[in-house]
Number of protein chains: 2
Amino acid sequence: MDWSRDLKPAAGADGAEILRYERQRSSIDVNALSTHLFGKVYLERLARVSGILQKDKIFSKANQANLSRPDRYVLGLARGKRMRQLMDEHGWDNDDLLMAEYLIDDILPYHLHMSLFAAAMKEQCSEEQRQYWQPKIDSWEIIGAYAQTELGHGSNVRGIECEARWDPATKEFVIHSPSLTASKWWNGTLGRTATHAVVVAQLMLPVGKDGSGQTRYESKGPRPFIVQVRDPKTHLPPESIIVGDINAKYGYAPMDNAYCLFRFHRVPHSALLARYASLNPETGVYTRPKNPNSVYGQLTRGRAFIVLNARLVIARAVTVAVRYLSIRRQFRDQDSHDSSAPEMPVLDYSTVQIRILPLLATAFALHYSGSAMWSLYERTRAQNSLESDNAQLAELHTTSAGLKSLATDLAANSVETCRRAMGGHGFGGGTGLIQLNNDYLAKPTVEGDNWMITQQVSRFLIKKVAEQTANPDRVVQSPTEQNLKSYLSNRDGQPHFDVLGDDASIVEAFRWRTSWLAYKAYEAREVQKRPWNSILIALHKLSRAYSQSILIENFFDATRKSDLRREDAEVLKALFRLFSFYTIDAEAREFQTSSGVRPEVLDTLPDRILSLMEQIRPHAVRLVDSFALPDFLLDSAMGRYDGRVYEDLFYRAHVINPLNKLTVNPDYRSEEIVKGGLGVKQVLAKL
Amino acid sequence: MDWSRDLKPAAGADGAEILRYERQRSSIDVNALSTHLFGKVYLERLARVSGILQKDKIFSKANQANLSRPDRYVLGLARGKRMRQLMDEHGWDNDDLLMAEYLIDDILPYHLHMSLFAAAMKEQCSEEQRQYWQPKIDSWEIIGAYAQTELGHGSNVRGIECEARWDPATKEFVIHSPSLTASKWWNGTLGRTATHAVVVAQLMLPVGKDGSGQTRYESKGPRPFIVQVRDPKTHLPPESIIVGDINAKYGYAPMDNAYCLFRFHRVPHSALLARYASLNPETGVYTRPKNPNSVYGQLTRGRAFIVLNARLVIARAVTVAVRYLSIRRQFRDQDSHDSSAPEMPVLDYSTVQIRILPLLATAFALHYSGSAMWSLYERTRAQNSLESDNAQLAELHTTSAGLKSLATDLAANSVETCRRAMGGHGFGGGTGLIQLNNDYLAKPTVEGDNWMITQQVSRFLIKKVAEQTANPDRVVQSPTEQNLKSYLSNRDGQPHFDVLGDDASIVEAFRWRTSWLAYKAYEAREVQKRPWNSILIALHKLSRAYSQSILIENFFDATRKSDLRREDAEVLKALFRLFSFYTIDAEAREFQTSSGVRPEVLDTLPDRILSLMEQIRPHAVRLVDSFALPDFLLDSAMGRYDGRVYEDLFYRAHVINPLNKLTVNPDYRSEEIVKGGLGVKQVLAKL
C-alpha cells in the first residue's frame, strides 16, 4: 500500500494557497499586460498550438532527462515527424510551426532543414534551381543541412579549407577535404538525418599549368554547392563522403551535428548555387558575386530573432524563480522577537531580490528593444532596402550585433543566477531549467561570438566620432550621431544628469557615458594610433554601454507610450527605474568618471534599488504570470502555475523516476549489480 | 575503406607541434613548480593511483556521456565496488582513496557512506555504539547515508519536521514523517544503495497528558538516530519506510539522492546516537548535548576542503582553455599588412586573455589561501582546541565561511568563462568540462549557501568594529583586529596606497577597503539601527572584500617566501599582480571611494593588466602544465597534454560515438525511425 498518497505539505508550505495569496495582493491586470507584451494573435496561437501538442504523448517531457543521448536523437526524429504530420493535418503556417518548435522545447533533427538550409536555398538558388528544389524542400522529399564551418574553421569563413575544383573536361566540380581540419563540423541535421547539404567550399578555377604540367588553380572564395550526401533508399553516404554525428555536446541532445569529409567527390555543374555568382560551363568564365548586403540582411535577421527570443529565456527563468521563492520559506526574520513567527518567504530576503527582481525588469527591457529591432528589420525589409547600402541598415546591423551580444549574455547568465538563488532544489530536476540552460549556452557563441562581434559596434562608433570631429557642422543622420554631436560640443562641462528626479535624465546619462567611451576609443585608435588588439577590451565595454543605452531608450519610450492602466503603468515605471539603477550601480565608476552621475547620487543607488524592489515585490507573481508561459513549456515542478511545488517534486521522484524500478546489490564483493539482473560484465559492455 | 585515417590537420593546425613550441619559449621549471604547489607525496600518489585506475576498463570515461541516467547509476555502483576491491588489493590508505575518487571524477553511489555517514557515526556514537558499528562501516558490511535535509527544509536544521517520539512502554523511538514536506530529501547514497542511515529527527519526549488523555510531547531539538532502511537480503525497505531516488539533477548522475518517508517506524533505544546527548531508558531522563564546537569544527573542515578543492577546478578549466586556445587560430591581426600572414592564436587576443589569464592567477591565489586555511585547521585540531571556544577558532570559522563562498563562486564561474572563451568547440563534448560543470554547480549551495553564509563573516566583523570602537585601547588579538584598529585611527586621512609601486601596498589597500566596508556596516547596523534584511546586500559585499583580502595576503606572502628559482618567482609575482589589479579593477569604485587607491591610478590599471598578461602569456602552457592534471582526469580532446586536439575530436566523433551506428529513415510519413529497427511505438514506450 502506498501510504505516501495521503500526505500533504505541512501547514505554511501549501504552495497553491500561497500563490493564491500572492495573486490577491496585486491588482495588475495580467491579461492586459500579456496582450500589451505579446498581442492577441500571438496569445491565440500559443493557446491553440499548445492545446494540440499536449494531447500527443510523443511530446511528453516527463522522462526526457532519463534517456541516453542516442535515444534522445531517436525521440527527436519521431517528434519531428509528428510535428510535420500535425502541420499537414492542421494546415499550420510558418508562425504556427515556429510556435510548435518553441513549445516542444527540444531541438528537432529536422531543424536545420526548416531554417538555415531552406533560407540558404531560397537566397542562393538561381530561378531555375529554385524551381527544381523548392517543391522537394517544402514536401520534405529531401532533408537538407547547411555545411559551412569546419573542424579548424569557424567565424573566419574565408579560412575554410574544403575545395570545389572545376573540371572543364567533365563539367563537374570536385569537392575535396584536403586535411582533417577541413572536415565540416557542427553542421546540424547533417550527422544522421539529411539527404542533402549546402556545402560551402572554396571555388577553385584552373588557371593554366605549372612547370611540371600540373594544373594550377585560383580560389574565387567560398561558394555554396548543393550536394546529395546520402542515398534516398539506403540512407547511406557514397564511398567518397564520410559523414556522422560529432558526439554528445553541452546541449541540443537530439540534434545530429555533423562531421563530414569529401574525397574527390564529384557533383554536376548545376550544384553551384548560381543566383549571385555563376560559372559558364562552356567557357569557364566566372561571374563574381554581387550580394554582400543580402548576407548582411540575413545576419541581421538572425540576430534580431535571437534578441527577441532572449526576453523569453529570462522570463522563463524568472517565472520559475519568482513562483518557487514566493512559496519557499526559510528562517525567521533576524529582527523578529517572536520565536513562533513563521519562516520568511525566501523572495523577501534582499539578497534574493537583488538577484531575481532586476532580472524580471531585464526581461521587460529586452522585450521592448527586441520588438523595436524586429519591427525595424521588418520595416527595412518591406522597403526592400536590405539590398542597398544605406545608413539605416548599417546602424541596424551594428545595433543587432551589440544587442545580440548583450542580450544573450544577460539571458544565458540569468538561468544560472535564478538556479543558484533557488538553493538546494535549484540543483534538482524540478526547476525545468536544466535543458534550457544546456541548450541556451550555445547562444553567446553562435551567429557571431559575443566578444568578437562587439568590434563591429565599436568600429562603427569610432568612425562616427571621426566624422563628427572632422566636420562638427555636418547634418546628423541618426540618433547616435546626434548623441555624439551633443557630447562633443559639451564634453568640457559637467552634465551630472538628475537620474533620481527625472526618468528622461536616465536616458541622457546612458547616452553621455556611451559617447564618452566612444570618444576615448576614438582617441586611442585614431589619435594615439594604438594597436587594435590592445584596445579590444575597451571596445567591448563601449559596445555594452551602447547596447545598454538602446535598452534604456526603448524601455523609457515604452513607459511613456504605454497602453496600460495607470496602476499597471506605474509598476512598469518602477521596473524601468530598477533596471536603470541596477545597471548604473553595476557600472558606477564609468558613470562617475564620465561626469554623467554625481558620486553622492551613485552612493544612494543601493537604497533606491531596495525600495524599488519593495515596491515591485507584491506584484512579482502577477508580473511573471503576464509572461504567459504555459506549464507545458515550463515543465517545472517549482514554477508551475498552481504552486503545487512539493506535490510535483515528490511525484517526479516517487512515480516517474525509472531508477526506482531497480533494486541493487550493494555488496562490493559481488559481481551482481541489479538484483536478479545485470552484472559487471553487462555494465562493461556498455562502455 | 576508412580513408579518413590518412588525414592530418592542415599545416599550422598541428597542435602537437604548437604545444612543443609553446613549451620551448618558456623556461619555467614545471617539476619544481608542481612540487612547490603540491609536494612530492601528493605527486607520487597521483602517479601511482592513476596508473592503477587507467588499466581498469570500468573507469574508462569514453562513453559515459552517452549513457542514460539509470545506466550512469549502475555504472557508478560497479565502479564503487571495483574501487573498494582495489583498495583491498593495494592496501590503499584514506588519502589514496580520496585520490582515487578525485581521478575517477564521477561521484560514486557509495560516497556518502565513506564521507558524511562515516564522519557522523564517528562523531556521534557513544563508545559502545562505536564498537558495534565501526567494523561494519569499515568493511562495508553495511552501507550508510546521512538523512538530515527534507523536502521542505534545508539550511534551517531546527525547522525539520521528522519526529522521533520516545515510547517508554516499549523503550523504542517512533520515527514519523507527519507531512509530505517532512520527507527526507537530497540524502545521497540513500535513494537505492544504502542499508542504513543516520536519520536526524526532532527528539520528542512525553511530558504528561492533555485534557483528552492524549500524551503531550516536547521537542528536544534535532538528534541523530541510526536506522536500518533496507533488508540485508532483499535490499527492500520495510512497509513503514518509503524510500527512493529523487530523479535526474543538474549533475551527479551516478548518485542516488533520496526521498524518504517514515510511518510510525519503530527503532530500539540504542538507535539514538549517544555520545553527546542520551536518554536514560529506565527513567526517561534526557541529558542535553554539549557539543556545539565540534560541529563547528566539522563544518569548518568541510569548508576548508571545498576551498582547497576550488583551485583544482579552476586549474582544470584553465588547463583546457590555455592548451586549446594556444593551438586554435582565428583571423589575422587587424593591424597586419601582410595578407598571407598566418591566423593568430586565439590566446593572443586581449579579449581572450582577459578571461583566461586572470583565472590562471586565481588558481594560484586559491591555492595559497586554501593551503593556509587547511594547515591552520589541521594545527588547531592537533592542539585539540576544536572543542574549546577560542578566538582563533572563531576567526577560522568566519574565514572558512567567507572563503567558501568566494572560492566556489570563482571556481563555478570559471568553468563557464573558459567554455565561452573556447568558442564553438567550447560547446562540444571535447572540452572535458561538461560533467565537471554540471557537478560543480552544486558547490555554491552546499555546506552553506554562498549568499547566506556571508552573514556570518559580516556579523563577526561588525562585532569586532563595535569592540574596537567601544574600547580603542584594547590589545588586539588577531590580524583582523589589527587592521580594524589601524583603519579606525587613520580613517580621516587619505591613505592612497601606492599599489603600482609596491606589492605590500596592494595588501594594505585591500585591508583598508575591507575595514572601510566593515565600519560602514557597523554604522548601518549599530548606529543607525537599520533592519538586518535591509543591509544584507552590503554585508555580502563586505564578506567578499574580507575574503579577497585574505586571498591577497596569502598570495603576497607566498611571493616573498617562495622556494622557487628567481625566474619562476618573477612569474609568480606577475601572477600576484595580475590577480590583484584585476580584482581592484573589477571593484574599482570601492577602492576609490574608500580612498584606498587614487582615481588616476585606477585609470591606469587596464593598461597595467594588459602588460602583465603580455608578460605571462609565453609561460601560460608551462604554468598549466605545473598543475599536474593527468589526461586521464581531464578526459579532454582540447586540453590533452600532447596537443592532438583535432585528431582526438575527430576520433571521439568518428570512432567512439555510438549514435553513428544508427541509420535512420527520415521520411516523415514513415513510422520507421531506425532502418530495420525501432519505430514510433518503441520510442513512445520509453517515455
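Throughout, protein chains are lettered first and strands after them, A, B, ... in sequence-line order, and every chain is numbered starting at 1.
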Please classify the contact of [X] with chain B as side chain, backbone, both or neither, using a heavy-atom distance under 4.5 Å.
X	result
A:Leu678	side chain
A:Arg355	side chain
A:Pro531	both
A:Ile143	side chain

Let me know if [X] has heavy atoms under 4.5 Å from chain A in its side chain, its backbone, both or neither.
X	result
B:Tyr259	side chain
B:Leu610	side chain
B:Thr189	neither
B:Thr431	side chain
B:Thr149	neither
B:Asn450	neither
B:Trp186	side chain

Ranking A:Val352, A:Thr351, A:Leu536, A:Asn63 by heavy-atom pairs under 4.5 Å to chain B gives rank one to A:Thr351

With chain B, the option among A:Arg419, A:Lys8, A:Lys686 that has the most non-hydrogen atom pairs under 4.5 Å is A:Arg419

Counting heavy-atom pairs under 4.5 Å to chain A, which of B:Thr181, B:Asn156, B:Thr445 comes out on top? B:Asn156

Stepwise, does the side chain to side chain contact (heavy atoms under 4.5 Å, CB included) test hold for A:Leu602 with A:Arg589? CA-CA 9 Å; A:Leu602 291 170; A:Arg589 194 160 182 272; over 6 Å; no

Are B:Asp88 and A:Arg669 within salt-bridge range, i.e. N to O under 4.0 Å? no

